[in-house]
Amino acid sequence: DLLAEIPTAKHTGYVMPKIATDYLRHPSNVTNRVQALFKSCGIQTTRTIDGQTLSQVEVGFHSFRHSFVSLCRESGAPLSVVESIVGHSNPAMTRHYTHTSEAAAIAAVSSLPSMQAVDTKALPPAQSPHLVDAGSIRERLQAMTAKTWKSIRDEMLTMVSKQ
């Protein structure tokens with residue numbers, strides 16, 4: 001909303017000039033800062049196989065983008081709106097960033113007509129999400145690692161849909 005208040009003639013420069021300058025100077029600086037933030041929260045950002053840590057980042061800066069797109073789509077935001085927000089030039093790229101959670105898949109299947117019922121009435125639709133206790137969310141996020149982030153995300157989405 002604040003950015004929308006800026007007159008079009010003044011649409012110049014970066015929204016966050018310090019971060020942009022840092023990124024332009026050395027692109028990995030922003031990634032390193034995000035990695036440090038994740039690590040300070042106890043989130044494992046690399047994969048470990050047989051006790052050896054791989055250099056490939058499993059959870060990083062782009063995880064925010066994937067999560068944002070997925071959560072927008074699961075909340076019912078139209079593809080074109082999400083595409084516009086994240087700056088994608090085509091729907092295929094936005095779909096690439098969209099990941100279906102177990103909770104969303106269950107809700108979709110639950111909305112189909114029952115295969116065992118005599119009539120073709122649909123099962124009750126999944127409940128819409130409500131606010132949950134921030135403390136419990138914080139605890140789950142602090143427990144999150146590169147290996148467990150999907151299951152914790154699905155657990156949290158299921159928790160929200162049951163409220």
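Side chains are part of it too, since the values below use all heavy atoms of this structure and drop only hydrogens, waters and symmetry mates.
The OG atom of Ser151 lies 9.5 Å from the CD atom of Glu102; values are rounded to the nearest 0.5 Å. Taking CG from Asp154 and OG1 from Thr100, the interatomic distance works out to 10.0 Å, rounded to the nearest 0.5 Å.
Judged by distance alone, with hydrogens and angles left aside, the side-chain atoms of Thr148 form no donor-acceptor pair with the main-chain N or O of Met144 at under 3.5 Å. A donor-acceptor pair under 3.5 Å is absent between the side-chain atoms of Arg33 and the main chain of Leu37, judged by distance alone. Under the 3.5 Å distance criterion, the side-chain polar atoms of Ser101 are matched with a main-chain donor or acceptor of Ala104. The main-chain N or O of Lys18 is never found under 3.5 Å from a side-chain atom of Asp22 such that the two would form a donor-acceptor pair.
Residues Phe68, Val69, Val81, Val82, Val86, Met93, Tyr97 make up the rest of the hydrophobic cluster containing Ile85, defined by ILVMFWY side-chain heavy atoms closer than 4.5 Å, directly or through other members.
For the pair Leu24/Tyr14, a side-chain contact is recorded, criterion being any heavy-atom separation below 4.5 Å from C-beta on. Side-chain contact between Ser67 and Arg153 is absent, with no heavy atoms from C-beta onward closer than 4.5 Å.
By the criterion of side-chain heavy atoms lying less than 4.5 angstrom apart, applied directly or through intervening Ile, Leu, Val, Met, Phe, Trp or Tyr residues, Ile106 is not grouped with Leu112; the two fall into different hydrophobic clusters.
Residues His88 and Thr94 have side chains that bring a donor and an acceptor to within less than 3.5 angstrom of each other.
In plain terms, the two heavy atoms of Lys39 and Thr45 that are nearest each other are CE-OG1, 3.4 Å. Residue Arg73 comes nearest to Leu79 through the heavy atom pair NH1-N, 3.2 Å, listed as atom of the first residue, atom of the second, then distance. Val30 and Ile19 get closest at one heavy-atom pair: CG2-CG2, 3.9 Å.
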Which is it for His66 and His99 under the side chain to side chain contact (heavy atoms under 4.5 Å, CB included) test, yes or no, and what are the steps along the way? CA-CA 7 Å; His66 284 264; His99 305 281; 2.7 Å; yes
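Within a 6.0 Å sphere centred on NE2 of His26, heavy atoms belonging to other residues, nucleotides or ligands number 12 at most.
Phe64 meets the ring pair (Phe, Tyr, Trp, His ring centres under 6.0 Å) test with Phe38; sequence neighbours excluded.
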